[in-house]
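Hydrogens, waters and symmetry mates play no part in the numbers below; they use all other heavy atoms, side chains included. All chains are named by letter (A, B, ...) in the order of the sequence lines, taking the proteins before the strands, and each is independently numbered beginning at 1. Keep in mind that this is a model prediction, so the values were computed, not measured.
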Number of protein chains: 2
Amino acid sequence: MPVARGETIDPARTRARVVATLEPLLYEHGIDGIGVSALCEAAGISKETLYRHFGSKDGLVEAVLQQRSDRVLQWLHAAASGAGDDPADQLAAIFDALDGWYAEPAFRGCAIVNASTQGRGGTAPGVAEIHLDRYRDLFRAIAVRAGSRDPDLVATQLLVVVEGATVVSDQLRLPGAAAAAKDAALALLRASL
Amino acid sequence: MPVARGETIDPARTRARVVATLEPLLYEHGIDGIGVSALCEAAGISKETLYRHFGSKDGLVEAVLQQRSDRVLQWLHAAASGAGDDPADQLAAIFDALDGWYAEPAFRGCAIVNASTQGRGGTAPGVAEIHLDRYRDLFRAIAVRAGSRDPDLVATQLLVVVEGATVVSDQLRLPGAAAAAKDAALALLRASL
DNA sequence: CCAAGATGGTACCGGACAGTACCAACAACT
DNA sequence: AGTTGTTGGTACTGTCCGGTACCATCTTGG
């Protein structure tokens with residue numbers, strides 16, 4: 001089949017579809033764990049199309065990671081918002097959401113941190129920093145509204161707990177890791193008042 | 001130059017020297033970030049020697065990771081022991097030691113976790129689990145001696161904090177991450193009594 | 001002094017991978 | 001209808017990497 005299938009030809013739409021399709025694949029296999037040819041086959045596009053849209057494999061990876069960071073942060077903000085107005089409840093809701101993620105069979109740790117660890121040099125410089133900073137901003141806002149004495153400190157501590165829980169859940173497959181992290185996060189927030 | 005240089009021919013000694021020499025190199029560049037030829041050149045050995053000793057690149061990596069895990073755990077045990085008998089002091093000493101590590105320019109996160117993240121499949125299955133379990137045992141012993149109500153929970157939480165601090169320090173280069181983690185660890189231990 | 005084992009050097013093989021070129025087919029706008 | 005632009009298919013290139021083979025050289029132990 002030569003061109004667009006049922007849908008109209010639209011480069012932006014093609015690009016978005018490719019990013020959405022390839023995101024879970026790159027997450028599952030790792031950036032160096034899957035070749036460009038396999039990615040193209042999975043996305044149903046030719047290599048030429050991929051390189052016209054993204055310039056290089058690194059360009060594709062950066063686009064995928066950017067969208068993933070956006071999606072994850074939106075998801076956590078939604079989880080917090082849906083838990084009412086109490087900062088502690090919102091914090092608990094975030095860790096409950098993470099617990100569900102950790103339990104998924106496809107869970108492989110934090111995609112952005114994994115990518116940064118794998119691709120030392122070249123791949124997505126700054127994406128990881130921005131991602132973690134946004135995480136920290138989310139926690140800082142919660143700490144501020146909870147009335148913490150040192151919101152920056154608490155935000156860093158909560159970021160540490162989240163990233164640690166992610167790593168431990170991934171490496172050790174401890175089912176209780178998220179619950180322990182949630183307990184720790186609430187204790188740290190409480191201790192900061 | 002053909003054979004052993006100044007030292008006597010001794011396969012075990014050669015193997016140990018190779019592991020010690022290549023450990024920092026594999027840590028710095030990542031497992032897939034440096035080729036076997038470069039490793040041999042750096043170690044001053046031929047490819048044939050490397051493959052006779054380790055069988056494959058994965059075999060070399062596993063040997064390096066095993067030794068690194070041993071070294072790190074010994075180092076932390078020593079830091080704890082050197083801080084006296086108070087469990088809280090020992091915990092603080094561990095995080096102070098980590099703080100020094102995080103500040104090193106060569107710091108690249110946890111080598112074992114990095115390797116596990118990079119080499120999905122084939123590379124060192126189980127090394128990461130064992131490493132984190134040993135970490136957790138160290139913390140559990142501290143929690144027990146401190147009189148925590150639930151030493152297993154505290155051990156998991158402290159493991160989460162350590163791994164999180166390592167990731168955050170690596171990705172974000174936050175100088176205060178270790179101090180925040182130390183503060184969090186002590187608060188969690190205190191809250192568990 | 002000689003046999004056996006450990007080693008370094010080098011060249012090589014096969015495969016995988018990122019990236020490119022060329023072409024035919026199809027859609028959208030005029 | 002035709003022109004322009006987007007796409008899929010395929011073949012190809014150059015490169016790098018893990019791993020193997022062969023050989024000369026040196027130490028070690030008898």
Side-chain angles (χ1 to χ4, degrees), chain A residues 1-22 25-26 28-65 115 118-124, chain B residues 1-22 25-26 28-65 115 118-124:
Chain A
M1 317 107 218
V3 188
R5 323 79 121 170
E7 309 192 345
T8 58
I9 282 190
D10 181 350
R13 199 171 295 265
T14 299
R15 184 189 160 102
R17 176 174 53 87
V18 168
V19 169
T21 306
L22 262 29
L25 259 158
L26 282 165
E28 177 184 357
H29 296 97
I31 295 171
D32 291 335
I34 186 166
V36 172
S37 301
L39 290 171
C40 288
E41 192 178 1
I45 62 170
S46 68
K47 283 181 136 191
E48 185 161 348
T49 300
L50 190 145
Y51 279 98
R52 202 178 325 107
H53 275 294
F54 302 100
S56 66
K57 187 180 185 181
D58 280 352
L60 167 68
V61 168
E62 188 172 337
V64 166
L65 259 39
Q118 287 164 3
R120 291 267 164 203
T123 303
Chain B
M1 320 103 216
V3 189
R5 355 355 206 272
E7 310 193 344
T8 59
I9 282 188
D10 181 349
R13 199 170 296 264
T14 299
R15 185 188 160 101
R17 177 173 53 87
V18 169
V19 169
T21 305
L22 296 185
L25 259 158
L26 282 165
E28 177 184 358
H29 296 96
I31 295 172
D32 292 335
I34 186 166
V36 172
S37 301
L39 290 170
C40 288
E41 192 178 0
I45 62 171
S46 67
K47 282 181 142 195
E48 185 161 349
T49 300
L50 189 145
Y51 280 98
R52 201 181 323 110
H53 276 293
F54 301 100
S56 66
K57 188 180 184 180
D58 280 353
L60 166 69
V61 168
E62 188 171 338
V64 166
L65 258 40
Q118 288 165 0
R120 292 266 164 203
T123 302

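- Listed by chain and residue number, B/R17 satisfy the side chain to side chain contact (heavy atoms under 4.5 Å, CB included) test with B/T21 (two or more places apart in sequence, or in another chain).
- To the nearest angstrom, C1' of C/dT7 lies 10 Å from CZ of B/R17.
- A/A16 is linked by a side chain to side chain contact (heavy atoms under 4.5 Å, CB included) to nothing, counting only residues two or more places apart in sequence or in another chain.
- Taking each heavy atom of A/K47 and A/S37 in turn, the nearest pair found is CE-OG, 3.3 Å.
- Nucleotide C/dC17 holds its C1' atom 13 Å from the CG atom of A/D58, rounded to whole Å.
- The separation between A/L60 atom CG and C/dC17 atom P is 15 Å, rounded to whole Å.
- Phosphate proximity of D/dT6 to A/R52: absent, as no side-chain N or O sits under 4.0 Å from OP1 or OP2.
- Of the side-chain N and O atoms in A/H53, none sit less than 4.0 angstrom from OP1 or OP2 of D/dT6.
- Atom CZ of B/F54 is separated from atom CG of B/L22 by 7.5 Å, given to the nearest 0.5 angstrom.
- The side chain of A/T14 contributes an N or O atom lying less than 4.0 Å from OP1 or OP2 of D/dT7.
- With hydrogens and angles ignored, the 3.5 Å screen pairs a side-chain donor or acceptor of B/Q118 with a backbone N or O of B/I31.
- Atom CZ in B/F54 sits roughly 15 Å away from atom P in D/dT20 (whole-Å rounding).
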What's touching nucleotides 13-18 of chain D from the protein side, N or O pairs under 3.5 Å?
residue	atom	partner	partner atom	Å
D/dG18	OP1	B/K57	NZ	2.5
D/dG18	OP2	B/V36	N	2.7

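- One finds a side-chain N or O of A/T49 lying less than 4.0 angstrom from the OP1 or OP2 phosphate oxygen of D/dG8.
- To the nearest angstrom, P of C/dA21 lies 16 Å from CG of A/L50.
- How far CG of B/L26 is from CG of B/D32: 10.0 Å, rounded to the nearest 0.5 Å.
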